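The structure presented is a predicted model; accordingly, all values stated were derived computationally and were not measured.
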Amino acid sequence: MKDIQDYFGHLMDLLEIERQAEKEENKRELDRWPVELREQMGKTVTRLIIDRQDVGLGGMPLLVVYRVPADEELAPFHNMDAGDLVRVAFADGHPSAEGTLYEVDDYRAVVAMNEPLLETPVGKCEIDLLGSDATYKRMRRALSIARDSSGRLAELRDVLLGRAEAVCGAPPNVEFFNGALNHWQQEAVRSCLAARDVGVVHGPPGTGKTTVLVEVIRHAVAGGQKVLASAPSNVAVDNMLEKLLKAGVNVIRLGHPARTLEDLRHATLLARLDEDPEIGAVHERDMERERLSLKLLRSQQYGGMSSEEQKGLRKEIRHLWKEAREIERDISRRLIQAADVVLSTHGGMGKQVGNTVFDLAVLDEASQSTEPLSWIPVVHARKLVLAGDPLQLPPTIYSEEAAKKGLAVTLMERLMPDLPDAAKTLLRVQYRMHTAIMGFSSEMFYGGKLEAHESVASHTANELPEVLTTPLNARPLTFVDTAGTGFIEVWNELLDSRENEGEARVAMKIWEDLAAAGIQIRQAAVITPYNAQAKLLRTMAPKGLEISSVDGFQGREKEVILVSLVRSNEKGEVGFLSDTRRMNVALTRARRCLVVIGDSSTLGRHTFYEKFLAYVAKNGEHTSAWEWLRS
C-alpha cells in the first residue's frame, strides 16, 4: 500500500528534477549558441520589422512584425507555431517583453503581448522561443491538494493509488446519441458510465477513442452533470472541441486563442468575453487607461506635469487596469459556470477554473501526460475517465534521471493492470488504415485483435480522385531499402540529432513519383524519428509538403505517409528506434499508402525490425532505393 506523503513527496522531487532539466535545455538552446546559429535552429528570428500595434479578442494587445523575404531564404518562422511563448527584444532601446505567438505566416507574425506597450517601438526586433514555469507551479499545487485532500477527492485519490478498489456498477442500457458506434465503442461507453470512480478507454490508432469520450460526455451532460474535458496538447483538446460543437453541446474552451484552431476560436473564453454585453465596461476602462498612459508619456517627454501629478496618474492607470481585469474575471466565471463542458489543456487550468469541482473529468491522450500533469484535472473531479494508448509514444521528459525514477510511468499506464476488467475496454475496430498497414502493429502491440472497418480495409491511394495508378500508389505497404547505396547516417552536432542526406534524397524522389501520379501535397506527409533529418528534408521538400518528426505527428493521419528511418551504420545500431512505441506511431499514420525508407542491413539486426521486414515480404513490397535513384 502506497504511503500518501511519501508518494506525493516523491512525485514532487521528480518534478523539481525535471523542471531543472528543462531549464537547462532551454538555456542550451537559447544561450549556448550565437544568434546566427539559434536562428538556423529555428529558435530565434532576427531582422524583424515592427509594423504596428493592434487590439485582439478581449482587448489583448497585439504587436505585428514581419521580415522582407530574401532570395531562396528558408521562411524565418518555419519552426514556430501559433501559441508558442516568446520573448521580443527591441533594437530601439525598449525593454524586452514577453508574449504568445497569435498568428504565424512564413514571413509575418502577430504577438499577443502579456502587457500593453506604452508606445509602439520602432525599427527592428527579434523573437526568441521561451519556456514557462506556470505549468510546473500548477502541477505542484495539484499534488499538494491531492496529498492533503479529504472527502470525495480523498476517496478518488486512494483508488488511484491502489489503496482502495475501484467500484463499478452494472453497465446501463442506454440509447446512444451516435448511432454509428461499433460494438467495442458501445461497450466502452457503458463501462465508463457504470464506473463510480474511474473508467479507462484503451484506444489503439484509428479506433475512435475521442468519439467514445464525446459520447460519454454527452450522456453526462444529459444527466445534468458538469464536465471538465482536458488533454496534454492543444491539438487533442481542439479535436474534442470540434466534435462537441458539432454535437451541439454547450462548451467553452480555456486557453489563449492563438493555441486554438482558427475556425474553433469562437468557442474560446476570450471570444465569448468579447461578445458578452457587459464587456463594454472593460473596454471603457481600458480606453481610459490608454488615454492616461499617453498623457503620462507626453508629460515625461515634454514636461508640464509635476512628479506628484505623475505619481497620481500612475496610480489611476494601475487602478483602471485592476478594475478592468476584475470585471473580466467576474464575466469569465459566469461564462464558465454557464457551460456544460469546460475544455482545457491540463497545464492551462489556472485561476479561471479556481476551486471548481466537476462531476466528471475526461482526460484524452492520458498516455502522453506525466502523472503530475494528470493530477491537475484530477483534483477538480468526482469521477474520472481516461483514454489513450500506452503502446504509443510516452510523454516527453527532459531528465533521464527523473524518467528512470518513475516520471516516465503515466497515471493511465500505472492504473491499467490493477483496474477491474469492467472498468477498462480495448477498442478494436480502426477506421484509418488499409489492412496491410494495420497488420504489423496489430500483431506486435495488440495481440492481433485489431480489425479494419470495411470502409478502409482495402482502400489504396490510386483510388483517390484524379490519381493515375502506378505500382507504388496501388500498394498499401512498401519498404524502400537503402542497403548497398552507401547512404550512411551522420551526427548533426548543432541539432544533437542524426541525419542521412542520401535517404532524404530518396524520399524526395519517391514523393516526386507520387506527385506526378496526382497525389495532392495536402494528402501526404514525410515523417522521421530524427529532428535533424526533418530539418534536412524541409530544405529539399516543395512548399506545402508537410515534414514532421514522428513525435510531432502522433494523433494525426494522411492518405500517404513516407517514413525516413535514417539509421545506417556498420555496427547495426538503431539507437532510440529501439523504443518500438515510436515505430508503432510511425507505421500507423497512413490511411492508404505507407512507404518506409531504411537500411535493412542495419535495421534487420534488431528483432523488431527483422519481424517488420518479414511482414513486408508477406504483405507488401520490398524494393531497392536504386529504383528511384536511377529515374
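Side-chain contact between V456 and M433 is absent, with no heavy-atom pair separated by less than 4.5 Å. Using a 4.5 Å heavy-atom threshold, the side chains of N250 and V341 count as separate. At least one side-chain heavy atom of H606 sits under 4.5 Å from a side-chain heavy atom of S578. Put simply, the side chain of F553 does not reach to within 4.5 Å of the side chain of V563, judged on heavy atoms. With a 4.5 Å cut-off on side-chain heavy atoms, V595 and I561 do not count as touching. Put simply, the side chain of R253 does not reach to within 4.5 Å of the side chain of L269, judged on heavy atoms. Put simply, the side chain of T410 does not reach to within 4.5 Å of the side chain of S369, judged on heavy atoms. With contacts defined as side-chain heavy-atom distances shorter than 4.5 Å, the pair Q430/H453 does not qualify.
Taking the six-membered ring wherever Trp is involved, the centroid distance between the rings of Y66 and Y107 does not fall below 6.0 Å. Here F576 and Y530 bring their ring centres to under 6.0 angstrom of each other.
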Check step by step if side-chain contact (heavy atoms from CB on, under 4.5 Å) holds for V550 and M583.
CA-CA 8 Å; V550 173; M583 280 306 293; over 6 Å; no
Audit row: D128, T44, side-chain hydrogen bond (donor to acceptor under 3.5 Å, both in side chains) steps and yes/no
CA-CA 4 Å; D128 296 313; T44 294; 2.5 Å; yes
Would I597 and L565 satisfy side-chain contact (heavy atoms from CB on, under 4.5 Å), going step by step from the backbone distance to the final call?
CA-CA 6 Å; I597 310 162; L565 293 181; over 6 Å; no
One pair to check against salt bridge (Lys or Arg N to Asp or Glu O under 4.0 Å): K209 and D364. What are the steps and the verdict?
CA-CA 8 Å; K209 63 178 173 54; D364 201 0; 2.8 Å; yes
Could you go through R582 and D551, starting from their C-alpha distance and side-chain angles, then the distance that decides it, and tell me whether this counts as salt bridge (Lys or Arg N to Asp or Glu O under 4.0 Å)?
CA-CA 7 Å; R582 184 165 278 103; D551 299 46; 3.0 Å; yes
Salt bridge (Lys or Arg N to Asp or Glu O under 4.0 Å) between R67 and E39, worked out:
CA-CA 13 Å; R67 191 160 94 181; E39 186 155 27; 2.6 Å; yes
Is there a side-chain contact (heavy atoms from CB on, under 4.5 Å) between F608 and V574 once you walk through the steps?
CA-CA 11 Å; F608 177 88; V574 298; over 6 Å; no
Run R218 and V249 through side-chain contact (heavy atoms from CB on, under 4.5 Å) and show every step you take.
CA-CA 7 Å; R218 293 180 74 181; V249 179; 4.0 Å; yes
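The main-chain N or O of E627 is never found under 3.5 Å from a side-chain atom of S624 such that the two would form a donor-acceptor pair. Checking side-chain atoms of R432 against main-chain N and O of T588 turns up a donor-acceptor pair under 3.5 Å. Between the side chain of T46 and the main chain of E126, no donor-acceptor pair closer than 3.5 Å is present. The closest donor-acceptor contact from the side chain of E499 to the backbone of S497 lies at 3.5 Å or more, if one exists at all. With Q533 contributing its side chain and N500 its backbone, the two residues share a donor-acceptor pair below 3.5 Å. With hydrogens and angles disregarded, a donor-acceptor distance shorter than 3.5 Å links the side chain of T435 to the backbone of A457. No side-chain donor-acceptor contact under 3.5 Å links T482 to the backbone of T485. Here the side chain of T345 pairs a donor or acceptor atom with the backbone of G348 at under 3.5 angstrom. Checking side-chain atoms of N619 against main-chain N and O of Y615 turns up a donor-acceptor pair under 3.5 Å. The backbone N or O of A236 sits nowhere less than 3.5 Å from a side-chain atom of E365 that would complete a donor-acceptor pair.
Separating the OG1 atom in T100 from the CE atom in M113 is a distance of 9.0 Å, to the nearest 0.5 Å. The CD1 atom of I252 sits 10.5 Å away from the CG atom of L241 when rounded to the nearest 0.5 Å. For the atom pair T207 OG1 and M438 CE, the distance stands at 11.5 Å (nearest 0.5 Å). To the nearest 0.5 Å, atoms CG (L562) and OG1 (T528) are separated by 11.0 Å. Annotation: the span from T268 atom OG1 to L254 atom CG amounts to 9.5 Å, rounded to 0.5 Å.
Heavy-atom minimum distance, Y431 versus A180: OH-O, 4.5 Å. Heavy-atom minimum distance, M508 versus P542: SD-CD, 4.3 Å. For D599 against S568, the heavy-atom pair with the smallest separation is OD2-OG, 2.6 Å. Considering all non-hydrogen atoms of both residues, L244 and L343 come closest at CD1-CD2, 4.0 Å. The nearest pair of heavy atoms linking V467 to A461 is CG1-O, 3.7 Å. Residues Q392 and R581 come closest through the heavy atom pair O-CD, 3.3 Å.
A cation-pi contact, defined as under 6.0 Å to the ring centre and within 45° of the axis, is absent between R108 and Y102.
Just one residue in the list R522, R591, R589 forms a salt bridge (charged side-chain N to carboxylate O under 4.0 Å, His left out) with E559, and that residue is R591. When each of L427, L386, D389, T425 is checked for a side-chain contact (heavy atoms from CB on, under 4.5 Å) with H202, only D389 meets the rule.
Comment: E451 does not engage R428 in a salt bridge, judged by the lack of any side-chain N to carboxylate O separation of less than 4.0 angstrom. We find that D54 and R52 are joined by a salt bridge, their nearest charged nitrogen and carboxylate oxygen being less than 4.0 Å apart. A salt bridge links K558 to E546: one of the charged nitrogens lies within less than 4.0 Å of a carboxylate oxygen.
Screening residues 459-479 for side chain to side chain donor-acceptor pair (under 3.5 Å) gives T460-N462, N462-T469, T470-N473, R475-T478 as the qualifying pairs, with residues at least two apart or on separate chains.
By the side-chain hydrogen bond (donor to acceptor under 3.5 Å, both in side chains) test, E503 is found to be paired with S564, residues two or more places apart in sequence or in another chain being considered. By the salt bridge (charged side-chain N to carboxylate O under 4.0 Å, His left out) test, R498 pairs with E489, sequence neighbours left out. With sequence neighbours excluded, the residues that form a side chain to side chain contact (heavy atoms under 4.5 Å, CB included) with R505 are F487, E501, M540. With sequence neighbours excluded, no residue forms a ring-ring contact (aromatic ring centres under 6.0 Å, His included) with Y398. In this view, S441 and N584 satisfy the side-chain hydrogen bond (donor to acceptor under 3.5 Å, both in side chains) rule, not counting sequence neighbours.
Ring-plane geometry between F479 and F612 is classed as perpendicular, the angle between the planes exceeding 60 degrees on a 0 to 90 degree scale with a lower cut at 30.
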